[in-house]
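First listed ligand is number 1; within each ligand, the first listed atom is number 1. Just so we're clear, the structure is a prediction, and the values are computed from it rather than from any experiment. Numbers for residues simply follow the sequence, beginning at 1.
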Amino acid sequence: MTEQSPLFDTYARAPIAFDHGEGSWLVDTRGERYLDFGGGIAVSALGHAHPHLVETLREQAGKLWHTSNLYQVPGQEKLARRLVEATFADKVFFTNSGAEAMECAIKTARRYHFANGHPERFRIITFQGAFHGRTLATIAAGGQPKYIEGFGPKVEGFDQVPFDDLDALKAAITDETAAIVIEPVQGEGGIRPVPIRFLRDLRALCDEKGLLLVFDEIQCGMGRTGKLFAYEWAGVEPDIMAVAKAIGGGFPMGACLATEEAAKGMVPGVHGTTYGGNPLAMAVGNAVLDVMLEDGFLEAVRDKALRFKQGLASIVDRYPDVLEEIRGEGLMLGLKCVVPNTTLVKELYANHMLTVPAGDNVVRILPPLTATDEEIAIALEDIEKAAESLSGGDRA
Ligand SMILES: *Cc1c(COP(=O)(O)O)cnc(C)c1O
């Protein structure tokens with residue numbers, strides 16, 4: 001009999017435990033090295049134990065951990081100012097996670113219409129394949145039955161339409177609609193970039209109907225696609241945006257960004273958090289931006305991504321019985337599989353490479369943005385080897 005775990009049984013974990021990491025590599029408790037091209041689900045954007053992040057956290061840890069939002073937190077002012085300067089936004093609210101950033105985005109959108117004298121406008125339209133988090137409101141927003149079932153009445157006010165379907169979207173808008181929420185590149189849904197034309201249509205539609213456009217860039221933001229935020233590729237700005245994952249480089253944090261107009265209902269007392277924006281998180285968040293905003297950093301991400309994608313496309317061409325398609329933007333890549341995606345993920349474990357499964361039978365490849373060309377070459381070899389051993393029906 002295997003020993004009973006004292007943990008909730010909510011995760012189907014791989015039988016690997018890591019001891020430490022350096023750059024793109026993780027070392028497990030037996031001393032085996034793994035190439036980490038999953039990044040703890042797009043979080044470790046600067047790799048593991050980045051010297052600037054480690055030094056920053058160490059220094060802050062010796063000074064001050066926590067004060068709460070009863071007082072001013074200079075690190076929040078600084079990080080918010082830098083995010084505002086780099087984006088569409090005028091205002092920032094810091095959280096501990098992505099789901100909380102989305103909760104803030106949803107509350108901000110509803111309060112905007114409340115402040116305008118339209119409390120009846122609270123409904124939010126989302127898209128099939130979406131993922132917005134695991135709180136009660138964000139599972140309702142994501143709309144996936146397997147996450148909603150058994151958790152009581154679904155939070156009211158979320159309407160879902162098919163991906164990239166403008167007619168269905170238009171038909172779903174009513175006098176009660178407050179906002180449209182979308183990931184510019186769906187992550188959990190299977191690395192599905194929203195067509196630029198569709199994002200432009202969304203902006204025009206929101207302007208026409210007085211709706212707020214909310215982007216969930218929790219996974220696709222913070223340099224992942226080769227721009228600081230994915231919306232920059234489309235030249236379409238949201239009114240509100242949720243950010244998390246890579247913003248802390250592995251330190252738990254998130255942020256909700258908004259224009260001054262969109263944030264006008266978020267007045268003193270209506271929202272809050274004990275930990276959100278605490279000095280440790282703010283120190284690390286600022287350190288992450290120090291690196292990402294360096295001259296040439298994002299350009300290097302785009303260059304590496306292009307070469308990586310070409311290499312992957314060539315593997316897809318040569319193993320059509322294993323792989324169907326390469327999709328994604330920048331270093332947010334997805335291999336649509338013919339074999340079950342979890343089979344490929346396991347085969348890659350055996351080759352000591354880490355990736356992440358996603359919806360639509362896709363394997364996500366989310367390397368650190370700091371990955372070197374040599375590491376990308378190793379990844380291509382690992383993936384080729386895995387495709388080769390799964391090819392030819394010998395494992396079908
Ligand atoms: C991960 C993710 C979330 C939820 O973030 P948590 O930090 O797990 O709460 C929300 N939206 C998207 C697009 C994500 O990828």
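- Distances from atom 5 (O) of ligand 1 to the heavy atoms of G98, G133, A42 put G98 nearest.
- Taking every non-hydrogen atom of D216 and a distance limit under 4.0 Å, the qualifying atoms of ligand 1 come out as 10 (C), 11 (N), 12 (C), 13 (C).
- Residues S24 and L35 have side chains in contact (heavy-atom distance under 4.5 Å, counting atoms from C-beta outward).
- Closest heavy-atom approach to atom 4 (C) of ligand 1 among the candidates P184, A99, A130, A141: A99.
- Polar contact with ligand 1: absent for E188 (N/O pair, distance under 3.5 Å).
- Considering backbone and side-chain atoms together, I218 places no N or O closer than 3.5 Å to any N or O of ligand 1.
- For ligand 1, the polar-atom distance check finds an N/O of F131 within less than 3.5 Å of one of the ligand's N/O atoms.
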Any chance you could lay out the salt bridge (charged side-chain N to carboxylate O under 4.0 Å, His left out) test for D165 and K170, step after step, and finish with the verdict?
CA-CA 9 Å; D165 185 337; K170 282 179 178 161; over 6 Å; no
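- Short contacts between ligand 1 and E183, defined as distances under 4.0 Å to a heavy atom of the residue, involve ligand atoms 13 (C).
- A distance of 3.5 Å separates OG in S97 from CD in E100, rounded to the nearest 0.5 Å.
- Cation-pi geometry between R192 and F163 is satisfied (NZ or CZ under 6.0 Å from the ring centre, within 45° of the ring normal).
- Here the side chain of D216 pairs no donor or acceptor atom with the backbone of H132 at under 3.5 angstrom.
- At a distance under 4.0 Å, a protein heavy atom can be found next to atom 11 (N) of ligand 1.
- Each of the following atoms of ligand 1 lies closer than 4.0 Å to a heavy atom of H132: 10 (C), 11 (N).
- Environment of NZ in K91: sparse, with no more than 12 heavy atoms of neighbouring residues, nucleotides or ligands closer than 6.0 Å.
- Taking the centre of each ring, F122 and H113 stay at or above the 6.0 Å mark.
- Nearest-heavy-atom check against atom 1 (C) of ligand 1 across K245, M102, Q219 picks out K245.
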